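Remarks on the structure that follows.
Remember, predicted model here, so these are calculated numbers, not experimental data. Chain letters run A, B, ... following the sequence lines, proteins first, then strands; residues in each count from 1.
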Amino acid sequence: MIARGVVTAAGLLLVASVLVFVLVRAAPGDAVDVEFGESGASALLSSEEEAAARAQRARELGLDRSVPEQYVRWLSRVVRLDLGISFRTGRPVADELVERVPASAALGGAGFLVALAGAWLIGLLSARRPGGLLDHVLRLLSLAATAVPTFLLGSLALRYAAEWIGYPIAGEASWRRLWLPAVVLGVGAMPVVARLLRASLISEYGRPYALAARARGASPARVTFRHVMRPAFTPLLTLAGLTLASLVAASVITEVIFSWPGVSEYAVAAISAKDYPVVQAYLLLVVVVVVVVNRAVDVIQHLLDPRVGQAAEVMA
Amino acid sequence: MTVRRWGAGYGLFIAGAVLVAVVVLLAVAAPLISRYDPAAQGVGPALAGPSDEHWLGTDRFGRDLAARVFHGGRTTLLATAAALALVVTVGTVVGAVVAALGSVVDRAARHLFDLLVAFPVMVVALALVGLWGPSLGTALAGVLIVLWAPFARLSRSLVRSALAEPSAVAARALGAGRWRLLRYEVWPRLRGPVLVLAAVEAAQLIGVVAGLSFLGLGAQPPSAEWGSMLQEGRAALWSAPHLVLAPGVAVLVTVLGLTCMAEGLRDVLDRAGQAVPE
């Protein structure tokens with residue numbers, strides 16, 4: 001099972017790497033254009049000299065070879081984590097990215113926890129009486145929360161938190177600065193999680209063991225917390241995969257608004273500066289994280305409950 | 001039956017549709033509603049708050065914000081609608097073709113769809129903007145590269161299950177041709193869920209493009225467009241938050257309307273025992 005997961009992940013990564021390569025290659029201007037444009041060397045050379053210098057540089061970079069050959073060379077460099085040098089800072093891109101991963105992971109993790117805590121509360125309250133008033137109100141609130149754009153919530157939260165409670169708008173990554181972007185991130189991911197937990201709680205309440213517990217005289221609270229809670233939370237794992245994409249997307253906006261020194265903030269700054277190696281490395285990093293997390297979730301689910309995969313197989 | 005048809009889902013769907021219709025109407029009728037030219041500078045004092053003269057206030061060049069929000073809706077909504085029509089068509093057709101082909105193609109395609117669906121749209125759009133330079137077109141193209149996949153995945157699985165239905169098998173046994181099957185067996189089972197997904201993805205599309213523009217990586221000033229207005233407003237967040245608030249709320253209302261439509265429709269389908277997309 002694990003072996004199959006690894007093979008699928010490797011296959012997907014290979015496909016994804018071709019897509020990334022094509023995307024980067026299809027962009028206007030290659031590395032030679034960028035170099036000659038950047039250094040302004042062309043002003044000092046005649047047009048023939050420049051053409052010769054360009055051809056020379058293209059040969060050095062291997063750009064005169066066939067496209068499949070270039071892809072293989074590119075991939076072998078990427079696999080060795082040689083992601084090139086940042087145009088802006090002159091440092092290896094891999095090093096700069098690695099330095100920023102902890103901050104992004106902390107923000108993403110904290111955001112996920114906020115989403116989970118909020119969704120837990122919403123799920124419990126709305127599953128108590130499905131179709132009841134509270135259920136409807138919470139559902140409308142969830143809809144509203146889904147509709148609030150991250151940039152609006154984020155920028156208003158930053159502005160008014162800074163004005164009213166002296167939230168530090170700039171500075172190092174610290175706990176004091178983490179909570180607000182984490183809440184903004186969490187609110188966005190909350191409705192999806194809450195919907196899943198609600199459905200799962202309702203289906204557990206309807207199972208014979210829960211009814212039996214009620215019949216034996218266990219209070220609703222006892223049934224909820226002692227009996228139903230744990231099985232209802234098994235689909236939690238699916239959530240990690242489900243919310244990952246939305247968390248990554250929302251963290252792009254959140255990191256920039258809160259000047260949180262994470263990977264996305266770095267990438268956005270690089271984009272504005274046309275720092276191609278960084279853009280490419282960022283794309284690769286996200287591809288790897290998405291594929292690995294999704295495959296891992298799949299495999300762990302199979303290991304925990306072999307029925308899950310079979311059901312999915314039948315439905316697909 | 002009638003009672004069931006007019007259940008909670010219907011109300012929510014209608015409410016969402018009304019919201020979206022109002023937004024579209026305001027955008028279409030923009031020249032009739034607002035007294036000011038959205039591009040005219042100095043029609044009022046710079047950075048003024050809302051007043052009787054200027055319902056939503058003015059921006060840093062003294063342009064009327066209400067006029068800009070209404071007119072801006074035209075670009076934003078039109079671009080979104082065009083992009084959405086494209087991904088819905090391409091995705092649905094690709095998914096149906098793959099399902100009809102079956103075997104190896106089908107299985108390989110399933111993995112590709114899964115990969116693309118799991119991928120954050122925002123990041124692809126960011127990368128494309130990074131490589132091609134910021135513009136509304138590039139941002140949209142980045143979104144389109146991935147956004148057809150959810151439709152392909154949905155239509156693939158719906159077409160497969162529809163063709164396996166007893167009625168479809170019977171129709172085929174009676175000699176129904178490909179088009180007849182498509183029209184009477186597949187399409188009725190496909191349209192509802194595709195519509196739900198279309199509303200969900202339209203909301204996402206608007207959100208992502210507005211978010212990119214907010215970062216200065218989408219639509220560029222001085223065009224009156226919600227995204228570019230957000231970007232201009234961001235610079236003045238501290239002194240005049242209404243500059244972000246006006247186009248931000250416009251995005252919010254549109255997304256809310258679309259979300260309500262999707263949610264309501266989902267209820268209606270659910271009650272009718274049809275497949276419901278995530």
Rounded to the nearest 0.5 Å, what's the gap from [atom1] on [X] to [atom2] on [Y]? Could you check?
X	Y	atom1	atom2	result
A/Thr150	B/Phe214	OG1	CZ	10.5 Å
B/His111	A/Thr8	NE2	OG1	6.0 Å
B/Met122	A/Ser246	CE	OG	12.5 Å
B/Leu258	A/Thr146	CG	OG1	12.0 Å
B/Leu230	A/Phe151	CG	CZ	4.5 Å
B/Leu215	A/Ile253	CG	CD1	4.5 Å

> In terms of heavy-atom proximity below 4.5 Å to chain B, should A/Val15 be classed as side chain, backbone, both, or neither?
Replying inline: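 The answer is the side chain of A/Val15.
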>> Please classify the contact of A/Val20 with chain B as side chain, backbone, both or neither, using a heavy-atom distance under 4.5 Å.
In response: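 Nothing of A/Val20, per the 4.5 Å heavy-atom cut-off to chain B.
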> So does A/Arg295 pair up with B/Asp114, basic N to acidic O under 4.0 Å?
Replying inline: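 Here A/Arg295 does not pair with B/Asp114 in a salt bridge, since their nearest N and O are not under 4.0 Å apart.
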> Step by step, would you call A/Leu152 with B/Leu245 a side chain to side chain contact (heavy atoms under 4.5 Å, CB included)?
Replying inline: CA-CA 7 Å; A/Leu152 189 66; B/Leu245 211 51; 4.1 Å; yes
Counting heavy-atom pairs under 4.5 Å to chain A, which of [options] comes out on top?
options	result
B/Val123, B/Thr259, B/Leu115	B/Val123
B/Ala210, B/Cys260, B/Gly207	B/Ala210
B/Ala125, B/Pro247, B/Ala118, B/Gly233	B/Ala118
B/Leu252, B/Leu212, B/Ile145	B/Leu252

I'd like to know which of [options] tops the heavy-atom pair count under 4.5 Å against chain B.
options	value
A/Ser155, A/Ala16, A/Ala144, A/Gly11	A/Ser155
A/Leu143, A/Leu12, A/Val256	A/Leu143
A/Leu247, A/Val287, A/Leu156, A/Val289	A/Val287

>> Apply side chain to side chain contact (heavy atoms under 4.5 Å, CB included) to residues A/Asn294 and B/Phe119 and explain how you reach the verdict.
In response: CA-CA 10 Å; A/Asn294 276 297; B/Phe119 209 75; over 6 Å; no
> Is there a donor-acceptor pair under 3.5 Å between the side chain of A/Arg159 and the backbone N or O of B/Leu237?
Replying inline: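 Yes, A/Arg159 side chain to B/Leu237 backbone: donor-acceptor pair under 3.5 Å.
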Could you tell me which portion of [X] (side chain, backbone, both or neither) has an atom closer than 4.5 angstrom to a non-hydrogen atom of chain A?
X	answer
B/Arg153	neither
B/Ile206	neither
B/Ala203	neither

> Should A/Tyr282 and B/Leu126 be marked as a side chain to side chain contact (heavy atoms under 4.5 Å, CB included) after you check the CA-CA gap, both sets of side-chain angles, and the distance that decides it?
Replying inline: CA-CA 10 Å; A/Tyr282 173 66; B/Leu126 264 185; 3.9 Å; yes
